[in-house]
Structure formats: C-alpha cells, structure tokens
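Working notes, structure below.
Just so you know, these numbers come straight off a predicted model, no measurement behind them.
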Amino acid sequence: MTTLAQKHLALLPPGVAHAERLFALIDESRQTLRAWLPWVDATRSVEDSRQFLAGIADGQRNGAACAAWLIESDGELAGCIDIHGISALHRSGYLGYWLADRFVGRGLMRGAAAQALDIGFGECGLNRIAILAGVENARSRAVAERLGFRLEGVQRDGLYLNGHHHDACQYSLLAREWKCRQ
C-alpha cells in the first residue's frame, strides 16, 4: 500500500523496520493505553512490537486483513489505526485506533480515521464499519461521533480489561452514510 498523506498526517504501511519506534511510543503512553487496550501489558519489548508488525504484514499479504497503518505526524510516529474483524460475507469490519498521549487533542485521529474509512468503504468494498468503545472512554467515543458514526447501543460487559468487565458503546457507519458526508 502507498503512503497516504493529509497535511501533516500520513498513514504508513506497517513494517518491522518501525518496531523500535512503535515500542517506544507504546512504552511512553503505557498507563493511558492500558486502560482501554488489552494487548498493552503483553507488549514488553521491541521484539513484541516486531512480531506484531510482522503479523500484520503477513495478514495483509495473505488477504486475512484489509488494512492497518501506522499514523505519522510531521515525521514522528504517533499511533496506529486498522480495520479488523473483517467479514467478507457481510462486508463489514471494526475500526480500531490509538494515539500516544503527546499527540492527543490535535485532530490527528479524525484525519487518520477519515483516510481509513475512505479505504475501507472504497478499496476494501466494505458496507459497514463499527467502532466498539468503552462507555467511559470519552475520547474514543468522541472520534466516532465526530465522524458521523451512529450509536447502536451499549454492550453490557462488552469489554474485559485489566481483570474487569466494562460496558461498551457500539457505533456503526454505512458506506452510503460516509459518501453523503464527503
């Protein structure tokens, strides 16, 4: 995949060459990220990040994953975004994303998500993309709402994080709704 750019924002195809920068980014925002992302505690070394990136690359080559990118802002790695849990039968998937603490509040995620949605609904041919966000995860929910996702409801105990269940808001957006917003 090619690098997509929007002003100071770029979505980069993931590769093992980014493992050190990715691990450092996760490590610097570990406390914030671990609140909502179950994989953070298992990411303990650069090698863990390397294996993660290699797995994404393998999945994309084998057609198991539609899209995953590293988010770069002004040449610095800022986070990740992907469309995962893809059902070819139902032409649907889930949008997942995170930013390191120092990049939050700049509008980067909205721009990165808009680019990912263009690809998901375009190149990947999806009809429905959902976001699952903890009820108390105000920032993730705000991203969904700013992008025009509709709240479908709350999944009781829909997330299991750090030894506890959490309710989760499920949002969705359809291809025809996204095209109307463009």
Side-chain angles (χ1 to χ4, degrees), residues 1 3-15 17-46 48-50 52-53 56 67-85 93-120 129-152 154-155 158-164 166-173 178 181:
M1 281 185 207
T3 299
L4 304 172
Q6 179 186 17
K7 297 181 184 172
H8 60 285
L9 175 70
L11 297 186
L12 307 175
H18 300 287
E20 287 184 31
R21 289 192 321 160
L22 181 62
F23 178 74
L25 197 65
I26 293 165
D27 209 36
E28 77 182 46
S29 297
R30 187 171 294 280
Q31 283 307 110
T32 305
L33 295 175
R34 79 179 299 276
W36 298 112
L37 300 170
W39 50 262
V40 172
D41 288 343
T43 306
R44 294 182 285 262
S45 69
V46 172
D48 293 331
S49 292
R50 189 173 287 112
F52 166 74
L53 291 166
I56 290 174
W69 303 272
L70 300 173
I71 301 167
E72 189 178 71
S73 175
D74 295 325
E76 286 188 85
L77 197 59
C80 291
I81 190 164
D82 74 342
I83 301 172
H84 61 275
Y94 287 86
L95 186 67
Y97 44 83
W98 63 268
L99 285 174
D101 293 343
R102 63 189 159 106
F103 294 97
V104 171
R106 299 184 192 179
L108 294 175
M109 190 52 72
R110 187 181 187 293
Q115 290 181 48
L117 291 169
D118 283 344
I119 293 170
I129 296 177
I131 293 174
L132 194 60
V135 168
E136 297 173 5
N137 189 345
R139 290 196 167 162
S140 187
R141 293 182 60 198
V143 169
E145 291 164 7
R146 278 189 213 109
L147 289 165
F149 278 73
R150 289 188 189 178
L151 178 63
E152 294 180 324
V154 175
Q155 294 181 4
L159 298 172
Y160 187 71
L161 303 162
N162 304 309
H164 302 284
H166 300 268
D167 290 349
C169 293
Q170 179 155 319
Y171 294 88
S172 71
L173 185 67
W178 182 244
R181 295 182 61 84

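Side-chain contact between R141 and V135: present, with at least one pair of heavy atoms (C-beta onward) separated by less than 4.5 Å. Annotation: side chain of H166 is not in contact with side chain of Y160 (no heavy-atom distance under 4.5 Å). Side-chain contact between D167 and Q155: absent, with no pair of heavy atoms (C-beta onward) separated by less than 4.5 Å. Using a 4.5 Å cut-off on side-chain heavy atoms (C-beta onward), L159 and L132 make contact. Annotation: side chain of L9 is in contact with side chain of I71 (closest heavy-atom distance under 4.5 Å). Considering only heavy atoms from C-beta on, W98 stays 4.5 Å or farther from I81 through its side chain.
Other residues, nucleotides and ligands contribute over 12 non-hydrogen atoms within 6.0 Å of the CD atom of E152. Sparse packing is recorded around CZ of R139, with 12 or fewer heavy atoms of other residues, nucleotides or ligands lying under 6.0 Å away.
Look at E72 and R21 and you find a salt bridge, because one of the NZ, NE, NH1 or NH2 atoms lies within 4.0 Å of a carboxylate O, short of that distance. A salt bridge links R102 with E28; the closest basic N to acidic carboxylate O contact falls under 4.0 Å.
A distance-only check finds no donor-acceptor pair linking the side chain of S29 to the backbone of T32 [under 3.5 Å]. A donor-acceptor contact shorter than 3.5 Å is absent between the side chain of D27 and the backbone of F23.
Rounded to the nearest 0.5 Å, atoms CZ (F52) and CG (L22) are 6.5 Å apart. In this structure, M109 CE and S73 OG are separated by 11.0 Å, a value rounded to the nearest 0.5 Å. Taking SG from C80 and CH2 from W69, the interatomic distance works out to 11.5 Å, rounded to the nearest 0.5 Å.
The shortest non-hydrogen separation linking L53 to P14 is CD2-CB, 3.6 Å. Contact record, Y94 with I131: CD2-N, 4.5 Å, taken as the closest heavy-atom pair. Counting all heavy atoms, side chain and backbone alike, C169 lies closest to V154 at SG-CG2, 4.3 Å. Minimum interatomic distance between L147 and L173 (heavy atoms only, all atoms of both residues): O-CD2, 4.2 Å. Closest approach of A144 to Y97, counting heavy atoms only: N-OH, 4.0 Å. Between L25 and F103 the shortest heavy-atom distance is CD1-CE1, 4.1 Å.
Under the 3.5 Å distance criterion, with hydrogens and angles disregarded, a donor-acceptor pair is assigned to the side chains of D82 and H84.
Here H18 pairs with nothing under the ring-ring contact (aromatic ring centres under 6.0 Å, His included) rule; sequence neighbours left out.
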With side-chain contact (heavy atoms from CB on, under 4.5 Å) as the test, would you mind laying out the steps for E145 and L151 before giving the verdict? CA-CA 8 Å; E145 291 164 7; L151 178 63; 5.8 Å; no
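The one candidate from L161, N162, T43, I26 that meets the side-chain contact (heavy atoms from CB on, under 4.5 Å) condition with R34 is N162.
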